[in-house]
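Report on the following structure.
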Amino acid sequence: MSEELPPSDAAREEAVDEVRATDADAWATACAEDLDAEKARRRAEYGPPSGSAAEELKKLVDAVADKLSGIESPLFGAVAGPAAQQVVRQVVQQAKDAVEPVIERNPDVFDHLAAAGNELLAAYRSAVQAQERRWTGRDDDADPRDLDERRNRGDDDGPGERIDLD
């Protein structure tokens, strides 16, 4: 009978490291699979994600160019119609040729502009909601300046004006 020796400390550490590496790979694989499944679910529910701001601007320019090129205006008359339409097409093509290189060279700029626009919209919305709260008399988040003015005038917290009937 041969007697097996227990593995050395180095061999045990290698086995533990191998198990940890396998576990880490399994975790990463499971996370990647879950992420792919979630992306597929969102694509099915909401459609394909929109592109960057630069791609969306390019699509907008193309759509506007197509609409302008397809317009048949009765203002030019029957004789000038085809010639005028050709001029419109040329102007639209020149505008596209001028805009597209700018979009291609600076796609990040348009993403930053879109983010800045969203921030401006959020700030505007916040200001309008605060003003509407003051106008409608709702005291959800009462402005302390408004409360001081009421106290100075002797007004109650009610929505109407106090009338003395004596």
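On a predicted model such as this, the values are computed, not experimentally measured, just so you know. Just so you know, residue 1 is the first one in the sequence shown, and it goes up from there.
In terms of heavy-atom proximity, A65 sits nearest to K96 at CB-CD, 3.5 Å. Minimum heavy-atom separation, L57 to F110: CD2-CE2, 3.4 Å.
The cluster map of Ile, Leu, Val, Met, Phe, Trp and Tyr, joined by side-chain heavy atoms under 4.5 Å apart, puts V91 and V102 in different clusters.
With hydrogens and angles ignored, the 3.5 Å screen pairs a side-chain donor or acceptor of T29 with a backbone N or O of D25.
Classification of E55 and K59 as a salt-bridged pair fails, no side-chain N sitting under 4.0 Å from a carboxylate O. Under a 4.0 Å N-O distance rule, the pair E38/R41 qualifies as a salt bridge.
Put simply, CZ on R133 and CD on Q131 are 10.5 Å apart, with the number rounded to the nearest 0.5 Å.
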Yes or no on side-chain contact (heavy atoms from CB on, under 4.5 Å) for D62 and E100, after CA distance, side-chain angles and deciding distance?
-> CA-CA 10 Å; D62 289 341; E100 286 179 358; 3.8 Å; yes

